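Some notes on the structure that comes next.
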Amino acid sequence: MSANSRVAIAAHTLAWMELNRRLGSEVVTSEQIAESVNTNPVVIRRSLGELRKGGLVESRRGTGAGWSLTRDAESITLLDVYQAVQAGPLLGLHASPPNQDCPVGFGIQPALERVYDGLEEVLRDRLARTTVGDLLADILAQQSRAGAPGIAHLTPATES
């Protein structure tokens, strides 16, 4: 079983869109984003649809068609992203009720719910304190520390 990557793909998408905005491109296509994420554009369009419902991106049709952020990356928290793309709780319970005649089956769901509730609270708090702008700043700093060529100089303080 692999971890759910919907939040990671959405965060990647938004950070990439912000980088392109700083480089002068307000509108981007799902194909362009998919190249960075290294996935099929259909996956990106599905994610963008969820992000649109969450009010984080908007689409344009016709000439200049594509996607853009609806607000500054510094005001989009990872909690906003999580809530837009993550349906339901972080961790789920049994798909069907466990055997209530079994001592473990009887008590497992309430026991797990107490643990899961605490994890959700910690996760939501941490996500609420981190913005897409913070992610991009960290990405650019890593690039700069690694001595990678490119666009590491684009930080919020120097953007035009």
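Computed from heavy atoms alone, side chains included, the values below leave out hydrogens, waters and symmetry copies. Source: prediction; values computed, not measured.
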Notebook entry, point to check: Taking only residues at least two apart or on different chains, which pairs with a member in residues 39-51 satisfy salt bridge (charged side-chain N to carboxylate O under 4.0 Å, His left out)?
Noted result: R6-E50, E31-R45

Check: Got a second to check how far I9's CD1 is from S36's OG, nearest 0.5 Å?
Finding: 11.5 Å

Checklist line | Interatomic spacing from CD1 in I33 to OG1 in T13 - rounded to 0.5 Å | finding: 5.5 Å

Item checked: Side-chain touch W67/I44, heavy atoms, less than 4.5 angstrom -> no

Next item on the list: Over all heavy atoms of both residues, which pair between G105 and P98 is shortest? Give the atoms and the distance, please.
Entry: O-CG, 3.5 Å

Margin query: Between Y116 and L93, is there a side-chain heavy-atom distance shorter than 4.5 Å?
Written below: yes

Item checked: Atom pair CG/OG of L19 and S25 - distance to nearest 0.5 Å -> 10.0 Å

Notebook entry, point to check: In chain order, what residues pass the side-chain hydrogen bond (donor to acceptor under 3.5 Å, both in side chains) check against S59, with sequence neighbours excluded?
Noted result: R52

Item checked: Residue pair L69 / L56, side-chain heavy-atom distance below 4.5 Å -> no

Check: After noting the C-alpha distance and the side-chain angles of R22 and E74, does the key distance pass the salt bridge (charged side-chain N to carboxylate O under 4.0 Å, His left out) rule?
Finding: CA-CA 13 Å; R22 292 181 189 183; E74 288 75 20; 3.2 Å; yes

Check: What is the minimum heavy-atom distance between L135 and A11, and which atoms define it?
Finding: CD1-CB, 3.8 Å

Margin query: For the CZ atom of R145 and the CD atom of Q142, what is their distance to the nearest 0.5 Å?
Written below: 6.0 Å

Next item on the list: With sequence neighbours left out, write down each residue that passes side chain to side chain contact (heavy atoms under 4.5 Å, CB included) with D117, or none if nothing qualifies.
Entry: none

Check: Shortest non-hydrogen contact from T131 to A73?
Finding: CB-O, 3.6 Å

Next item on the list: Take T77 and L127 through the side chain to side chain contact (heavy atoms under 4.5 Å, CB included) test and state the conclusion after the steps.
Entry: CA-CA 7 Å; T77 69; L127 294 176; over 6 Å; no

Next item on the list: Could you tell me whether a side-chain N or O of S144 sits under 3.5 Å from a main-chain N or O of L140, the two making a donor and an acceptor?
Entry: no

Note to self: A quick test of your reading: do over 12 heavy atoms of other residues, nucleotides or ligands sit less than 6.0 Å from CD of Q100?
What the structure shows: yes

Next item on the list: Scan for salt bridge (charged side-chain N to carboxylate O under 4.0 Å, His left out) pairs involving residues 122-134, sequence neighbours excluded, and state none if there are none.
Entry: E120-R124, D125-R129

Check: Which atom names give the shortest non-hydrogen contact between G66 and V27, and what distance separates them?
Finding: CA-CG1, 3.3 Å

Check: Hey, are the side chains of L51 and S47 touching, using non-hydrogen atoms and a 4.5 Å cut-off?
Finding: yes

Note to self: In this structure, would F106 and L112 fall into the same cluster of hydrophobic residues linked by side-chain contacts under 4.5 Å?
What the structure shows: no

Item checked: Side-chain heavy atoms of V43 within contact of V37, under 4.5 Å -> no

Next item on the list: Using the rule that two of Ile, Leu, Val, Met, Phe, Trp, Tyr join whenever any of their side-chain heavy atoms come within less than 4.5 Å, decide whether L123 and V115 are in one cluster.
Entry: yes

Item checked: Under the side-chain hydrogen bond (donor to acceptor under 3.5 Å, both in side chains) test, residues paired with T29 that sit two or more places apart -> Q32

Check: So which pairs with a foot in residues 53-71 pass salt bridge (charged side-chain N to carboxylate O under 4.0 Å, His left out), sequence neighbours left out?
Finding: R71-D80

Next item on the list: Could you walk me through whether L14 and V57 pass the side chain to side chain contact (heavy atoms under 4.5 Å, CB included) test, one step at a time?
Entry: CA-CA 8 Å; L14 295 172; V57 299; 3.5 Å; yes

Item checked: Distance in Å, W16 CH2 paired with L136 CG, rounded so as to fall on 0.5 Å steps -> 12.0 Å

Next item on the list: With the side chain counted from C-beta on, respond yes when L48 and M17 share a heavy-atom pair under 4.5 Å apart, and no when they do not.
Entry: yes

Next item on the list: With the side chain counted from C-beta on, respond yes when L78 and V7 share a heavy-atom pair under 4.5 Å apart, and no when they do not.
Entry: no

